[in-house]
Amino acid sequence: MRTDQADTEVPRGKGRPPMTERRKDIIRLQIATAALELFKAQGVAATSGEQIADRLGISTRTLWRYCPSKEGCVQPLLTHAIGVVIEKLRAWPRDVPLVEHLLHESDLTEQVPQSTLDLARLTRTEPALRAVWMQTYLEAENAFAEAIAERTGQPADALETRVLAGMLNAALRIAVEQHAWLTADDPDAARESSMTDATRVALRTAIAGLRL
């Protein structure tokens with residue numbers, strides 16, 4: 001029977017140091033990457049938790065410690081990118097427009113890995129992954145609201161704050177999807193467009209609001 005390091009380590013009560021959150025995040029990203037590779041190659045339905053575990057050389061018991069389901073294995077690819085946005089929001093200077101801040105210098109869109117774009121493309125044909133994608137963005141909305149509340153002084157659960165968070169959330173999600181789908185099978189489109197352009201257009205449209 002196969003074992004792995006996580007299964008054979010000494011229990012904490014006998015001297016095993018607690019695993020750091022950083023280490024846990026690294027393992028989750030490794031699992032997410034392995035799961036995405038299998039989903040791309042053979043589809044979600046044909047992929048099992050055992051196959052994902054085998055790809056990493058771990059046991060399924062260890063896999064399920066980190067993931068609620070095989071579809072949920074890919075969630076860290078999204079939460080990492082969303083975390084980048086939240087940190088940028090919290091560091092948003094009051095005298096700088098949001099679009100300029102998010103797309104300034106260390107470009108926000110340069111921190112969106114290829115794996116996230118691959119996942120976005122799969123959500124068109126894999127309903128289970130689409131559900132994970134949408135749920136992750138829905139959960140991110142709360143974090144966006146808290147970051148906006150810190151800047152505006154409004155409560156995070158105020159209607160105005162929730163609407164602003166929702167508009168920002170939708171703009172960023174749609175920008176990723178649009179760029180991912182546009183460049184999926186068209187090398188010319190990939191050269192002529194960028195995540196930066198898509199994000200800029202999406203944010204400016206959201207900021208303009210319903211001025212119709």
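Bear in mind that the values here come from a model prediction, so they are computed numbers and not experimental data.
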Please set out all donor-acceptor pairs under 3.5 angstrom arising from side-chain atoms of residues 141-149, sequence neighbours excluded.
{"from": "Glu141", "atom 1": "OE1", "to": "Asn169", "atom 2": "ND2", "distance (Å)": "3.1"}
{"from": "Asn142", "atom 1": "OD1", "to": "Arg162", "atom 2": "NH1", "distance (Å)": "3.1"}
{"from": "Asn142", "atom 1": "OD1", "to": "Arg162", "atom 2": "NH2", "distance (Å)": "3.0"}

The side chain to side chain contact (heavy atoms under 4.5 Å, CB included) partners of Thr47 (sequence neighbours excluded) come to Leu38, Phe39, Gln42, Gln51, Ile52

- Message: Side chains of Thr20 and Asp25, heavy atoms from C-beta outward: is any pair under 4.5 Å?
- Response: no

Is it true that Thr199 and Thr196 share a donor-acceptor pair across their side chains at a distance under 3.5 Å? no

Residues Thr161 and Ala156: closest non-hydrogen pair is CG2-O, 3.7 Å

Correct closest heavy-atom pair for Gly49 and Leu63 would be O-CD2, 3.2 Å

Taken in chain and number order and not counting sequence neighbours, the residues that satisfy side-chain hydrogen bond (donor to acceptor under 3.5 Å, both in side chains) with Arg173 are Glu177

Open item on the list: Would a single hydrophobic cluster contain both Ile174 and Leu78, if residues Ile, Leu, Val, Met, Phe, Trp and Tyr are joined by side-chain heavy-atom contacts under 4.5 Å?
Closed with: no

By salt bridge (charged side-chain N to carboxylate O under 4.0 Å, His left out), Glu37 pairs with (sequence neighbours left out) Arg55

Of all heavy-atom pairs linking Ala120 and Trp133, the shortest is CB-CH2, 3.5 Å

Heavy-atom closest pair (Leu77 atom, Leu36 atom, distance to 0.1 Å) is CD1-CD2, 3.7 Å

Quiz prompt | Under 3.5 Å donor-acceptor, Arg151 side chain and Arg94 backbone | solution = yes

Can you tell if the side chain of Thr62 reaches within under 4.5 Å of the side chain of Leu56, non-hydrogen atoms only? no

Would Tyr137 and Val132 satisfy side chain to side chain contact (heavy atoms under 4.5 Å, CB included), going step by step from the backbone distance to the final call? CA-CA 9 Å; Tyr137 270 98; Val132 172; over 6 Å; no

What one should report as the nearest heavy-atom pair of Glu126 and Val44 is OE2-N, 3.2 Å

Taken in chain and number order and not counting sequence neighbours, the residues that satisfy side-chain hydrogen bond (donor to acceptor under 3.5 Å, both in side chains) with Gln30 are none

On a heavy-atom basis, the closest approach of Ala206 and Met167 is O-CE, 2.7 Å

Thr136 meets the side-chain hydrogen bond (donor to acceptor under 3.5 Å, both in side chains) criterion, sequence neighbours left out, with Gln75

query: If you measure from the Lys or Arg side-chain nitrogens to the Asp or Glu carboxylate oxygens, is any gap between Asp118 and Arg121 under 4.0 Å?
result: yes

Exercise for review: Determine, using the 4.5 Å side-chain heavy-atom cutoff (strictly less than), whether Leu172 and Met134 are members of one ILVMFWY cluster.
Suggested key: yes

